[in-house]
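Numbers restart at 1 for each chain; the letters A, B, ... are given by sequence-line order, proteins then strands. Note that these values count all heavy atoms, side chains included, but never hydrogens, waters or copies made by symmetry.
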Amino acid sequence: AQRVTQPEKLLSVFKGAPVELKCNYSYSGSPELFWYVQYSRQRLQLLLRHISRESIKGFTADLNKGETSFHLKKPFAQEEDSAMYYCALGKGSNYQLIWGAGTKLIIKP
Amino acid sequence: DAGVTQSPTHLIKTRGQQVTLRCSPISGHKSVSWYQQVLGQGPQFIFQYYEKEERGRGNFPDRFSARQFPNYSSELNVNALLLGDSALYLCASSTGLAGNEQYFGPGTRLTVT
């Protein structure tokens, strides 16, 4: 069964510290993985996708097929990174998204 | 462009009633997807429409239905409402299907009492 797991509901780190938000997936096909972010009182928006291999707002994520993981990382957290982060798996040719439960990231000053 | 718009913002219904939620995609976007987000969980895929045709359906009962109009706007209908249908309903639009970024609306908060 296709599934996305984000084991941490809440992650709290100090400003300037490294951040890693975990995402594990279960999918028999070739996965397309995404990170979406929702800042306070804003809409869900795409942060990055694994196929683009970009660094957005200092965040990176590497697809590890052996560990079936797509962890989101940032070396130095900033207060404006505080938000809800969702990992999502694109299923099938039409990229119907399967979502994790989300991790709330709080950056302490 | 105001982005994806949804109406109403929130509404309260009674068990057994029917509800219609509306979504207007970004101009030029031909695909609309609907998601249900229960409090404390991630969104769950309900439907995807492209060029007025259903292209995908999630694991939801037949009480849930949707359609897309010639102007690419969309409606989600839920019949015989249950308490468990209380959730935030999100609409997302994209230019096409595979590989295209989805842009989300603000959602409609449905409360069933």
Rounding to 0.5 Å, atoms CD (B:Gln41) and CH2 (A:Trp99) come to a distance of 14.0 Å
Is the shortest heavy-atom distance from the side chain of B:Glu101 to the side chain of A:Arg49 under 4.5 Å? yes
Under 4.5 Å to a heavy atom of chain B? For A:Lys104 that would be neither
- Message: Using the rule that Ile, Leu, Val, Met, Phe, Trp and Tyr join whenever any side-chain heavy atoms are under 4.5 Å apart, tell me whether B:Val78 and B:Leu11 fall into a single cluster.
- Response: yes
### Query
Around atom CG of B:Leu39, are there more than 12 heavy atoms of other residues, nucleotides or ligands at under 6.0 Å?
no
Counting heavy-atom pairs under 4.5 Å with chain A, the top scorer among B:Ala92, B:Gly107, B:Pro43, B:Gly42 is B:Pro43
Is it the case that atom CZ in B:Phe69 sees more than 12 heavy atoms from other parts of the structure closer than 6.0 Å?
yes
| field | Under 3.5 Å donor-acceptor, A:Arg43 side chain and B:Val4 backbone | value | yes
Inset, instruction - Dump the intermediate steps for side-chain contact (heavy atoms from CB on, under 4.5 Å) on A:Gln38 and B:Phe104, then the final yes or no. - result: CA-CA 10 Å; A:Gln38 187 168 27; B:Phe104 282 82; over 6 Å; no
Discussion item. Please check if the number of heavy atoms outside A:Glu67 that lie under 6.0 Å from its CD is greater than 12.
Written reply: no
NZ/B:Lys52: more than 12 non-hydrogen atoms of other groups inside 6.0 Å
yes
Residue pairs passing the side chain to side chain donor-acceptor pair (under 3.5 Å) test with at least one member in residues 64-76 of chain B, sequence neighbours excluded, are B:Arg22-B:Glu75, B:Trp34-B:Ser74, B:Glu51-B:Tyr72, B:Arg67-B:Glu75, B:Asn71-B:Ser73
Looking only at B:Gly58, B:Gly105, B:Gly40, the option with the highest number of non-hydrogen pairs under 4.5 Å against chain A is B:Gly105
Rounded to the nearest 0.5 angstrom, the CD-CG distance for B:Gln48 and A:Leu97 is 8.5 Å
